[in-house]
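Numbered from 1 within each chain, the chains take letters A, B, ... in sequence-line order. Quick caveat: nothing in here was measured; it's all calculated off a predicted structure.
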Amino acid sequence: MFALVDVNNMYVSCERVFRPSLLGRPVVVLSNNDGCAIARSNEAKDLGIKMAQPWFQIRHLRREAGLMALSANFELYGDMSSRMMALVGEYAPRQEIYSIDECFLDFDGVRDHLAGIGRDMRAKVLQWTGLPTSVGFGPTKTLAKLANHVAKTADRKPGSYPAQWAQVCNLAELSALDLELLMRATEVGNVWGVGRKTSARLNEQGIRSVLDLVNADANTLRGQFSVVLEKTVLELRGTCCMGVDEAPAANQQIMCSRSFGAPVTELSVLVELVSQFASRVAEKARQQRSVAGAVHVFVSTSPFRQQDRQHSPSGTLPLSRPTADTRGLVAAAVRLVQGLVRPGFNYVKAGVMLVDLQPEGQVQQELDLFAGMEDAGAPTRGRDQLMGALDTLNQRFGKGAVSVASAARLEARGGSVAAARQAWRSARYTTRLDEIPTVHA
DNA sequence: TCTGGGGTCCTAGGACCC
DNA sequence: TCTGGGGTCCTAGGACCC
């Protein structure tokens with residue numbers, strides 16, 4: 001048996017822990033640049049606000065409905081997530097942390113009292129962290145996901161499902177009749193792995209509910225769609241196609257990209273931005289002990305500015321020697337961006353991606369045949385120590401305390417036009433001593 | 001005026017090989 | 001006029017997830 005535990009409206013719930021005045025109010029958390037809503041409280045959902053809806057479209061609800069908006073505070077959410085995951089992980093022999101707000105638990109062999117365990121887990125997380133969760137149990141991961149959807153929806157929309165399924169729902173406890181009722185009442189688009197496009201195509205064929213999908217011919221669907229959908233159908237029927245993965249492999253790509261606060265036309269500014277992004281991905285690569293075989297850079301104009309001429313070039317540069325050294329990666333990224341950018345365009349976004357990632361230490365030395373001879377014999381140790389020192393300093397004194405020169409100029413100028421807008425960010429209550437909450441007695 | 005930032009996996013099609 | 005068949009690898013793009 002698997003459980004899926006997830007935090008309801010994670011980002012909003014994290015904010016509410018430290019600002020109880022937000023409870024009961026419509027609240028959204030905004031993306032970078034305060035651009036669009038990436039988390040919504042139930043009250044905000046009830047106002048009709050959609051996921052990723054642009055802020056300028058819903059701003060009027062501040063006055064009309066008391067909508068509160070907060071800028072994203074990922075440092076806070078990440079720390080709250082770690083606390084929640086640690087608590088939940090105690091309940092089962094294996095845990096797969098699937099995203100910042102949800103994890104699978106593998107209750108191998110356990111069949112009884114699961115709902116009770118779920119309620120206990122929920123209560124403990126609520127008491128210890130203040131975060132409300134939903135828990136779904138099922139014999140496969142896809143069914144646990146479905147159970148979680150039911151637990152959350154039954155809680156949020158009374159009448160949608162029987163009330164006893166709210167908050168914690170165990171599909172294995174249900175009679176065959178109840179399970180059929182549940183699947184008939186649930187739209188196929190709510191199934192894990194069935195997105196917008198697929199559900200539209202399924203609907204055309206008359207497959208509207210989860211029950212319709214379960215009763216469809218898996219083989220035919222495989223031909224029409226893909227093996228992914230076939231697996232989903234099998235999982236819905238109770239056949240396990242996926243296990244819990246406790247230690248997911250290192251990422252195969254590492255990306256850092258941002259939309260800018262204002263359009264950028266100057267190459268020099270883009271060089272500085274891309275340098276910053278490259279520094280960030282280099283740091284991430286070192287964290288997971290990987291080296292990159294190639295660097296990919298893209299810049300793009302805004303498809304929403306229809307009066308602008310559009311230009312979205314990208315390029316990839318293979319490295320003669322795979323590395324996670326900030327200097328080498330910044331140099332490659334800068335060379336790329338210099339070749340991409342053309343004058344006369346309003347660029348609004350850029351990004352750097354590391355690809356061809358390999359574990360550090362098992363780098364193929366043959367690739368060095370054509371590398372520059374000047375450093376062929378240089379000890380790599382010096383480099384590692386320099387990067388180690390860089391990471392330590394930045395960890396201790398804050399991001400950007402030490403950086404390569406091309407990335408540092410932006411900050412020296414006191415930010416730039418491209419700086420992201422973050423008008424309403426809350427304090428990093430749990431990770432910064434100088435932002436720790438004050439309690440007034 | 002103002003529209004996120006990460007990731008994964010699968011498939012189709014082309015290049016290339018024998 | 002008639003022009004094989006089977007394989008691998010790589011890449012781009014699409015769909016999905018949160």
Exercise for review: Kindly indicate whether the side chain of A/Arg59 and the base of B/dT1 share any N or O donor-acceptor pair separated by less than 3.5 Å?
Suggested key: yes
Review point. Counting N and O atoms only, with roles assigned by atom type, does the side chain of A/Asp212 sit under 3.5 Å from a partner on the main chain of A/Arg208, one being a donor and the other an acceptor?
Key: yes
Point to revise | Under 3.5 Å side-chain donor-acceptor pair for A/Asp34 and A/Ser71 | key: yes
Review point. Across the strands shown, which category fits A/Val29 at heavy-atom distances under 4.0 angstrom: base, sugar-phosphate, nothing?
Key: nothing
Practice item. Look at the aromatic rings of A/Trp192 and A/Phe104 and report parallel, tilted or perpendicular, splitting at 30° and 60°. Key: tilted
Check your understanding: Any side-chain donor paired with an acceptor under 3.5 Å for A/Tyr98 and A/Asp6?
Key -> no
Exercise for review: Under a 3.5 Å limit for both distances, which nucleotide forms a Watson-Crick or G-U wobble pair with C/dA15, could you say?
Suggested key: B/dT8
Check your understanding: Distance between the P atoms of B/dT3 and C/dC18, in whole angstroms?
Key -> 25 Å
Study note, to complete from the structure: To the nearest angstrom, the NE2-C1' distance between A/His296 and C/dG13 comes to 13 Å
Point to revise | Spacing of A/Asp356 atom CG relative to C/dC10 atom C1', expressed in whole Å | key: 11 Å
Review point. A/Asn148 and A/Ser134: side-chain donor and acceptor closer than 3.5 Å?
Key: no
Practice item. Can you figure out which of C/dC17, B/dC10, B/dG7 approaches the side chain of A/Tyr98 most closely? Key: C/dC17
Review point. When we call it a touch if two heavy atoms are under 4.0 Å apart, what does A/Lys50 touch: a base, just sugar-phosphate, or nothing?
Key: nothing
Check your understanding: Distance check: side-chain N/O of A/Lys349 vs OP1/OP2 of B/dG5, anything under 4.0 Å?
Key -> yes
Exercise for review: Starting from the 5' end of DNA chain B, give me the residue, A/Arg222 or A/Cys256, whose nearest nucleotide shows up first.
Suggested key: A/Cys256
Point to revise | Rounded interatomic separation in angstrom, taking CE from A/Met51 and P from B/dT3 | key: 17 Å
Exercise for review: Report yes if a side-chain nitrogen or oxygen of A/Lys284 is closer than 4.0 Å to either non-bridging phosphate oxygen (OP1 or OP2) of B/dG5; otherwise report no.
Suggested key: no
Point to revise | A/Lys197 side-chain proximity, nearest of B/dG5, B/dG4, C/dC16 | key: C/dC16
Point to revise | side-chain N/O A/Gln53 vs B/dG4 OP1/OP2, d < 4.0 Å | key: no
Practice item. Would you kindly give the CD-to-C1' distance between A/Glu96 and B/dT8, to the nearest whole Å? Key: 12 Å
Point to revise | Distance in angstrom units between A/Lys141 NZ and C/dC18 P, rounded | key: 12 Å
Practice item. For the side chain of A/Ser99, starting at C-beta, report the closest nucleotide among B/dT8, C/dC18, B/dG4. Key: C/dC18
Practice item. Starting from P on C/dC16, measure out to CE on A/Met242 and report it in whole angstrom. Key: 15 Å
Review point. When you measure from the side chain of A/Glu102, which nucleotide among C/dC18, B/dC10, B/dG5 comes out closest?
Key: C/dC18
Point to revise | Selection from B/dG4, B/dC2, B/dT11 that lies nearest to any side-chain heavy atom of A/Val227 | key: B/dT11
Review point. Would you say B/dG4 has OP1 or OP2 under 4.0 Å from some side-chain N or O of A/Ser257?
Key: no
**Study point:** Touch class at under 4.0 angstrom, heavy-atom based, for A/Asp101 against every strand present
**Key:** sugar-phosphate
Check your understanding: Under 4.0 Å: is that the gap between some side-chain N or O of A/Arg305 and OP1 or OP2 of B/dT3?
Key -> no
Review point. Between C/dA15 and A/Thr198, is there an OP1 or OP2 to side-chain N/O distance shorter than 4.0 Å?
Key: no
Review point. Without hydrogens or angle criteria, can the side chains of A/Thr301 and A/Asp308 be said to hold a donor-acceptor pair below 3.5 Å?
Key: no
Exercise for review: Round to a whole Å and report the spacing from CD of A/Gln57 to P of B/dT1.
Suggested key: 13 Å
Check your understanding: So what does A/Ile254 touch, heavy atoms closer than 4.0 Å: a base, only the sugar-phosphate, or nothing?
Key -> sugar-phosphate
Point to revise | A/Asn33 side-chain N/O to B/dG4 phosphate OP1/OP2 under 4.0 Å | key: no
Check your understanding: Rounded to the Å, how far apart are A/Asn346 CG and B/dT3 P?
Key -> 12 Å
Check your understanding: Distance check: side-chain N/O of A/Ser226 vs OP1/OP2 of B/dC9, anything under 4.0 Å?
Key -> no
Exercise for review: Just compare B/dT3, B/dT8, B/dG5 and give me whichever is closest to any side-chain atom of A/Phe56.
Suggested key: B/dT3
Check your understanding: When the nearest nucleotide of DNA chain B is assigned to A/Tyr11 and to A/Met353 on a heavy-atom basis, which residue is associated with the more 5' position?
Key -> A/Tyr11
Review point. Any side-chain donor-acceptor pair under 3.5 Å between A/Lys284 and A/Asn251?
Key: no
